[in-house]
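Each remark here refers to the structure printed beneath this line.
All figures in this text were calculated on a predicted structure; none of them were measured in a lab. All residue numbers in this chain count up from 1 along the given sequence. When reading the values below, keep in mind they use all heavy atoms of this one structure, side chains included, and skip hydrogens, waters and symmetry mates.
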Amino acid sequence: MKNFVFDLYGTLVDISTDEESARFIKKVNAYFSKLGVENFYTRYTNLCRGLGGGEEDSEIDISAVFSTLLGGNAELAKRAALSFRALSRGRLGLYRGVLPLLKKLKDGGAELYILSNAQSCFTVAEIEQLGIAEYFGGICLSSDFGAKKPSARFFNHIIERFGLDKSQTVYVGNDFKADICGAEGVGLAAAYVKSNISPRGDSVEEAAGIAAFATDSFKDLSRYLLSILT
C-alpha cells in the first residue's frame, strides 16, 4: 500500500468533550454574554437543529452558527468557536505510538491523508496544536464537504480529489459502521482499531469479518500498517 487514509478522533487522537452538562452551559453562556450574546446555548442549539435535516449522512458547518450569532463578524466568530471548543474539551492528545508510526510511514514513501467526521472550525487548530499537520498531504473534513462517513460520496471525494488508486489505498479507523463499512462500501481496504472512544457496540470480531485487519492494540495496528507499506 502506498496511500494511508486515517480517521482522526479515536484513531490517532484521544479526546473528550462535554457540550451538554450544566457546568459547560454555564461557562459558555458566561463567555458569550461578554461578547454581547445572551442566552447563547439555547440559541446555538436551535440554530444547529435548524441547519440539520436532509440526507441521513449530511453534515452541517457550525462555523455558520457562530457567525450568525456574532453578527457576521468572521474573525470574532473564528475565535469564539475555538473558545467554545476549549471550554468543552476535557483532554486532547495523541495516542501513544502515533508520531513514530506517521514518521515511519512517511519516511517509507507513504502518502498520508485524513478523512474525518469533524468540524473544521475546531479541528484544523487541534491538528496544528498536536503537531501532526506536516505528515498529511491532504485533509478532508465532513463540515467542509457537507456529508459525513459512512457516506460513499465523502469517501469518493478524497479518492477523486487526490487521485488515489483504490488498490493502493487503505482506510484506518475506530468506528465499525462509519469507517470500516464506509470504506468497504467504496472498495477500499480497511484496518480497524478499537479504542477508548469507539462506539460502545463495536467489536474487534465483527470488524474482522469485513476489515483486512482488526485489533484493539495501536501497537499491533502500527505493525500491520508498516508491514503493508510498499
Side-chain angles (χ1 to χ4, degrees), residues 1-16 91-118 123 126-142 148-150 154-156 158-159 161-230:
M1 292 290 180
K2 295 187 180 300
N3 307 311
F4 294 76
V5 185
F6 290 90
D7 170 54
L8 187 63
Y9 300 112
T11 300
L12 300 176
V13 175
D14 185 17
I15 190 171
S16 70
R91 68 176 183 275
L92 176 72
L94 298 174
Y95 288 111
R96 184 176 181 180
V98 166
L99 280 178
L101 172 62
L102 297 180
K103 187 176 189 307
K104 288 176 182 178
L105 288 172
K106 197 71 174 176
D107 289 348
E111 295 294 333
L112 309 182
Y113 304 90
I114 289 173
L115 182 78
S116 183
N117 288 350
T123 299
E126 289 176 345
I127 290 172
E128 292 287 346
Q129 180 180 338
L130 291 165
I132 58 174
E134 65 184 279
Y135 293 99
F136 296 97
I139 297 172
C140 294
L141 304 177
S142 58
K148 58 189 175 184
K149 299 175 297 181
F154 192 30
F155 276 95
N156 283 324
I158 196 168
I159 292 165
R161 179 178 175 184
F162 298 106
L164 306 183
D165 179 348
K166 288 185 180 182
S167 69
Q168 288 296 316
T169 303
V170 61
Y171 188 79
V172 186
N174 75 303
D175 184 313
F176 174 68
K177 180 181 178 182
D179 298 329
I180 307 309
C181 294
E184 190 272 342
V186 298
L188 288 178
Y192 171 85
V193 59
K194 185 174 183 179
S195 72
N196 59 320
I197 55 176
S198 289
R200 187 170 297 178
D202 275 16
S203 74
V204 173
E205 293 74 20
E206 182 178 31
I210 295 179
F213 182 80
T215 183
D216 60 2
S217 164
F218 192 87
K219 186 175 182 179
D220 289 344
L221 174 69
S222 297
R223 287 173 178 162
Y224 171 72
L225 295 179
L226 291 169
S227 76
I228 62 173
L229 173 62
T230 56

Derivation of the side chain to side chain contact (heavy atoms under 4.5 Å, CB included) call for D7 and D175: CA-CA 9 Å; D7 170 54; D175 184 313; 5.9 Å; no

Decide whether Y95 and T11 meet the rule of one side-chain donor and one side-chain acceptor closer than 3.5 Å. no

T230 side chain to M1 backbone, donor-acceptor under 3.5 Å: yes

Taking all non-hydrogen atoms of both residues into account, name the closest pair between A191 and I180 and its distance. O-CD1, 3.8 Å

Is it the case that the side chains of N174 and Y9 hold a donor-acceptor pair, with the cut-off being a distance below 3.5 Å and no angle test? no

How about K106: does its NZ atom have over 12 heavy atoms from other parts shown lying under 6.0 Å from it? yes

So does R91 have more than 12 non-hydrogen atoms from other groups sitting under 6.0 Å from CZ? yes

Spacing of K194 atom NZ and E206 atom CD [to the nearest 0.5 Å]: 10.0 Å

Are side-chain heavy atoms of L164 and K2 found at a separation under 4.5 Å? no

Find the distance between CD (E128) and CD (E134) and round it off to the nearest 0.5 Å. 9.5 Å

Residues L105 and F6: closest non-hydrogen pair is CD1-CZ, 3.9 Å

Kindly say whether the aromatic ring centers of Y113 and F136 come within a distance under 6.0 Å. no

For a 4.5 angstrom cut-off between non-hydrogen side-chain atoms, does T123 reach L8? yes

Inter-residue atom distance C181.SG - Y192.OH, 0.5 Å rounding: 10.5 Å

Using the rule side chain to side chain contact (heavy atoms under 4.5 Å, CB included), only one of I197, I127, L130 pairs with V13; which is it? L130

Any side-chain heavy-atom pair from S195 and F218 closer than 4.5 angstrom? no

Treating T215 as the side-chain partner and L221 as the backbone partner, does any N or O pair qualify as donor plus acceptor under 3.5 Å? no

Residues that D107 engages under salt bridge (Lys or Arg N to Asp or Glu O under 4.0 Å), provided they are two or more places apart: K103

Could you tell me which non-hydrogen atom of C140 sits nearest to which non-hydrogen atom of R161, and how far apart they are? SG-NH1, 3.6 Å

Quick one: are N156 and K166 in side-chain contact, heavy atoms under 4.5 Å? yes

Ring centers of F4, Y171 separated by less than 6.0 Å: no

Beyond-backbone contact of I132 with L102, side-chain heavy atoms, under 4.5 angstrom: yes

For I228 and V170: C-alpha separation, side-chain torsions, deciding distance, then whether side chain to side chain contact (heavy atoms under 4.5 Å, CB included) applies. CA-CA 9 Å; I228 62 173; V170 61; 4.2 Å; yes

In short, F155 meets P150 closest at the heavy-atom pair CE1-CA, 4.1 Å

What are the two closest non-hydrogen atoms of A211 and A190, and how far apart are they? CB-O, 3.4 Å

Strictly by modelled atom types, are N3 and D165 linked by a side-chain donor-acceptor pair under 3.5 Å? no

How many angstroms lie between CG in N117 and NZ in K149, if you round to the nearest 0.5 Å? 5.0 Å

How far apart are the C-alpha atoms of F176 and I210, what are their side-chain angles, what is the distance that settles it, and do they pass the side chain to side chain contact (heavy atoms under 4.5 Å, CB included) test? CA-CA 9 Å; F176 174 68; I210 295 179; 3.8 Å; yes

Nearest non-hydrogen partners of I158 and I114, listed with the distance: CD1-O, 3.6 Å

Is L225 close to F213 at the side-chain level, that is, under 4.5 Å between some pair of heavy atoms? no

